[in-house]
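Just so we're clear, the structure is a prediction, and the values are computed from it rather than from any experiment. Each residue takes its place number in the sequence, starting with 1.
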Amino acid sequence: MAYFFEEPSRTFNEYLLVPGYSSKECRVENVSLKTPVTKFKKGEEPAITMNIPLVSAVMQAVSDDRMAVALAKEGGISFIFGSQTIENQVAMIKRVKDHKAGFVTSDSNLRPDQTLADVLELKARKGHGTIAITDDGTPDGKILGLVTSRDYRVSRMDPSTKISTFMTPFEKLIYGKAGITLSEANDILWDNKLNALPIIDENQRLTHFVFRKDYDTHKSNPNELLDSHKRYIVGAGVNTRDYEKRIPALVDAGVDILCIDSSEGYSEWQKDTIDFVRAKYGDTVKIGAGNVVDGEGFRFLADAGADFVKIGIGGGSICITREQKGIGRGQATATIEVAKERDKYFEETGVYVPICSDGGIVYDHHMTLALAMGADFIMLGRYFARFDESPTNKLNVNGNYVKEYWGEGSNRARNWQRYDLGGDPRMKFEEGVDSYVPYAGSLHDNVNLSLTKVKSTMCNCGALSIKELQQKAKLTLVSATSIVEGGAHDVILKDASSNAIK
């Protein structure tokens with residue numbers, strides 16, 4: 001007969017952390033959130049380590065190149081969605097890798113034969129005051145001049161005025177040569193009191209900009225996650241269908257890590273995909289796999305050679321897999337069991353395979369619970385979809401600003417590869433919904449606030465690192481009544497706002 005688990009399937013909301021002894025060293029500024037992303041042998045260091053334990057989900061509504069740069073600045077990794085053409089995904093990876101820390105690829109470009117009206121339209125659309133004037137209007141064309149707000153006065157110029165008549169011509173530009181270091185570029189900026197420095201190659205073609213404002217941004221982002229060439233680290237989602245074509249293209253584009261994007265990872269399809277990577281690249285290409293919800297599924301993927309294993313089925317806010325198929329497991333229970341199996345696997349083999357908790361995060365404190373239960377890092381979709389940097393539209397619905405958010409299992413995403421089991425390449429039914437999430441502002445501000453809460457809770461538990469939290473944490477199940485007791489109650493609130501991640 002079927003196997004029955006003795007314990008019920010539980011969610012993060014059914015647990016609380018019990019405080020432990022906190023020394024005087026347990027202060028927020030002393031907490032480290034560094035965490036391994038890829039597997040490593042005992043006594044060795046992982047090939048990739050994050051500075052914060054957050055990655056953005058492999059979703060159309062969450063992870064594109066803009067999100068990847070923004071999250072890498074904070075110390076995390078975005079996995080750019082794979083439910084698009086190989087060419088488009090490769091282009092996104094290249095834009096991230098070309099966006100060296102401090103070196104920005106120009107996305108505001110015009111030709112000299114265009115007009116002031118074009119300048120004003122582009123500025124309104126992009127929000128950038130510095131526009132590169134190239135021979136063909138492309139980011140890497142031959143640079144002929146620059147236009148900034150100091151070059152024109154709207155009130156005194158006709159909108160049809162040609163750019164060539166008021167731009168600062170190339171002969172008068174101060175620029176840096178391709179190959180210059182960021183430190184050298186910043187020195188030129190400051191010595192010449194410039195706001196923007198174009199970087200130009202030997203053929204007078206624009207390669208990047210360095211902006212004065214980014215100097216302050218760089219200083220305010222000490223956790224930036226960079227590769228050995230000072231480029232932002234970025235991941236990409238792949239499926240188990242076109243991986244023989246998609247993976248080589250992504251690797252050639254410079255992707256740092258891959259993740260098999262699937263609703264259920266305990267399958268021969270995933271092993272075949274990992275086998276392809278190992279046969280072609282050995283261990284030089286890093287690839288995570290999943291999703292699984294028990295120790296058996298973890299061990300299968302670990303034995304297959306996965307660099308990390310993702311946990312979670314049906315726990316996402318837009319996921320209806322459990323409703324549609326009756327399959328899944330409470331995220332807390334799944335995380336606890338898989339973490340136990342990971343530690344057992346490490347004892348037996350000497351290989352530590354990090355685990356990623358994917359789904360089930362409703363409140364900020366759920367992040368801390370997931371880490372305490374054994375997760376090395378957390379994948380978030382809805383959380384990141386609310387921010388300026390997500391690729392979806394910001395709308396006003398009934399007087400409130402929202403952003404669009406849809407699941408990869410929805411008809412809107414048309415991501416049949418994620419849910420297909422080898423049959424007809426069409427979606428038979430949806431496993432995700434199309435929705436809105438309340439708009440929340442900038443990624444930087446929100447991530448900083450959320451992780452400050454995580455660090456504060458870790459201090460309450462007497463832990464200064466994620467590994468120490470996992471060793472020292474004391475967790476207790478809570479009753480329905482105590483959940484009510486944990487929020488504001490028996491008072492009339494002046495402000496009905498919630499602490500939930502909305």
Side-chain angles (χ1 to χ4, degrees), residues 12 15-37 40 45-46 48-56 67-78 101-102 182-183 186 213-227 230 232-233 354 356-357 361-380 383-384 386-389 440-475 486 499-501:
F12 293 130
Y15 288 90
L16 284 175
L17 283 157
V18 175
Y21 170 73
S22 300
S23 71
K24 293 180 180 179
E25 293 298 309
C26 288
R27 301 193 304 273
V28 168
E29 60 269 26
N30 290 339
V31 175
S32 169
L33 293 178
K34 285 183 178 292
T35 192
V37 180
F40 59 94
E45 291 295 320
I48 300 177
T49 298
M50 287 192 298
N51 293 323
I52 63 172
L54 305 181
V55 300
S56 66
M67 175 63 73
V69 170
L71 186 50
K73 285 181 178 179
E74 303 303 321
I77 297 175
S78 280
L182 183 59
S183 177
N186 281 320
K213 64 180 178 61
D214 287 342
Y215 176 84
D216 294 329
T217 300
H218 179 67
K219 293 298 182 184
S220 65
N221 289 292
N223 285 328
E224 282 184 320
L225 196 60
L226 308 174
D227 66 17
K230 302 295 183 183
Y232 291 118
I233 286 179
C356 169
S357 177
I361 302 294
V362 181
Y363 303 96
D364 283 340
H365 76 268
H366 288 172
M367 297 181 187
T368 320
L369 285 167
L371 296 172
M373 291 173 182
D376 295 283
F377 55 101
I378 305 158
M379 180 170 278
L380 299 158
Y383 178 82
F384 287 115
R386 304 170 305 139
F387 303 150
D388 289 318
E389 293 81 1
S442 77
L443 180 146
H444 173 78
D445 292 341
N446 281 278
V447 166
N448 187 270
L449 176 60
S450 295
L451 294 183
T452 297
K453 293 179 184 178
V454 172
K455 290 180 178 181
S456 179
T457 306
M458 289 171 64
C459 287
N460 292 143
C461 296
L464 294 176
S465 68
I466 293 173
K467 186 54 64 179
E468 193 174 8
L469 173 68
Q470 293 166 352
Q471 293 167 348
K472 292 184 174 182
K474 296 182 290 183
L475 293 126
N499 290 324
I501 302 177

Nearest-0.5 Å distance, [atom1] of residue [X] to [atom2] of residue [Y]:
{"X": "Gln470", "Y": "Cys461", "atom1": "CD", "atom2": "SG", "result": "12.0 Å"}
{"X": "Leu54", "Y": "Glu74", "atom1": "CG", "atom2": "CD", "result": "10.0 Å"}
{"X": "Glu29", "Y": "Cys459", "atom1": "CD", "atom2": "SG", "result": "8.0 Å"}
{"X": "Lys455", "Y": "Asn460", "atom1": "NZ", "atom2": "CG", "result": "14.5 Å"}
{"X": "Lys34", "Y": "Lys467", "atom1": "NZ", "atom2": "NZ", "result": "16.0 Å"}
{"X": "Ser357", "Y": "Met379", "atom1": "OG", "atom2": "CE", "result": "10.5 Å"}

Indicate yes or no: at least one non-hydrogen side-chain atom of [X] is less than 4.5 angstrom from one of [Y].
{"X": "Phe387", "Y": "Asp445", "value": "no"}
{"X": "Glu224", "Y": "Tyr232", "value": "yes"}
{"X": "Ile233", "Y": "Met50", "value": "no"}
{"X": "Ile378", "Y": "Leu371", "value": "yes"}

Show the numbers, then the answer: is there a side-chain contact (heavy atoms from CB on, under 4.5 Å) between Asn446 and Phe384?
CA-CA 9 Å; Asn446 281 278; Phe384 287 115; over 6 Å; no
For Thr368 and Leu469: C-alpha separation, side-chain torsions, deciding distance, then whether side-chain contact (heavy atoms from CB on, under 4.5 Å) applies.
CA-CA 9 Å; Thr368 320; Leu469 173 68; 4.3 Å; yes
Are Leu369 and Leu17 close enough, and set up right, to give a side-chain contact (heavy atoms from CB on, under 4.5 Å), and what steps lead you there?
CA-CA 7 Å; Leu369 285 167; Leu17 283 157; 3.8 Å; yes
Minimum heavy-atom separation for [X] to [Y], with atom names?
{"X": "Ile361", "Y": "Ala370", "value": "CD1-CB, 4.4 Å"}
{"X": "Gly75", "Y": "Leu225", "value": "O-CD2, 3.7 Å"}
{"X": "Asn51", "Y": "Asn223", "value": "ND2-O, 2.7 Å"}
{"X": "Val55", "Y": "Phe377", "value": "CG1-CD1, 3.8 Å"}
{"X": "Leu464", "Y": "Glu25", "value": "CD2-O, 3.6 Å"}
{"X": "Pro46", "Y": "Pro36", "value": "CG-CB, 3.8 Å"}

Partners passing side chain to side chain donor-acceptor pair (under 3.5 Å) against His365 (at least two apart in sequence or in another chain)
none
Would you say [X]'s side chain and [Y]'s backbone share a donor-acceptor pair under 3.5 angstrom?
{"X": "Asn30", "Y": "Cys26", "result": "no"}
{"X": "Lys453", "Y": "Asp364", "result": "no"}
{"X": "Glu389", "Y": "Leu443", "result": "yes"}
{"X": "Ser456", "Y": "Thr452", "result": "no"}

Carefully, step by step, assess Leu33 and Thr35 under the rule side-chain contact (heavy atoms from CB on, under 4.5 Å).
CA-CA 6 Å; Leu33 293 178; Thr35 192; over 6 Å; no
Does a side chain donor of either Asp388 or Ser442 reach within less than 3.5 Å of an acceptor in the other side chain?
no
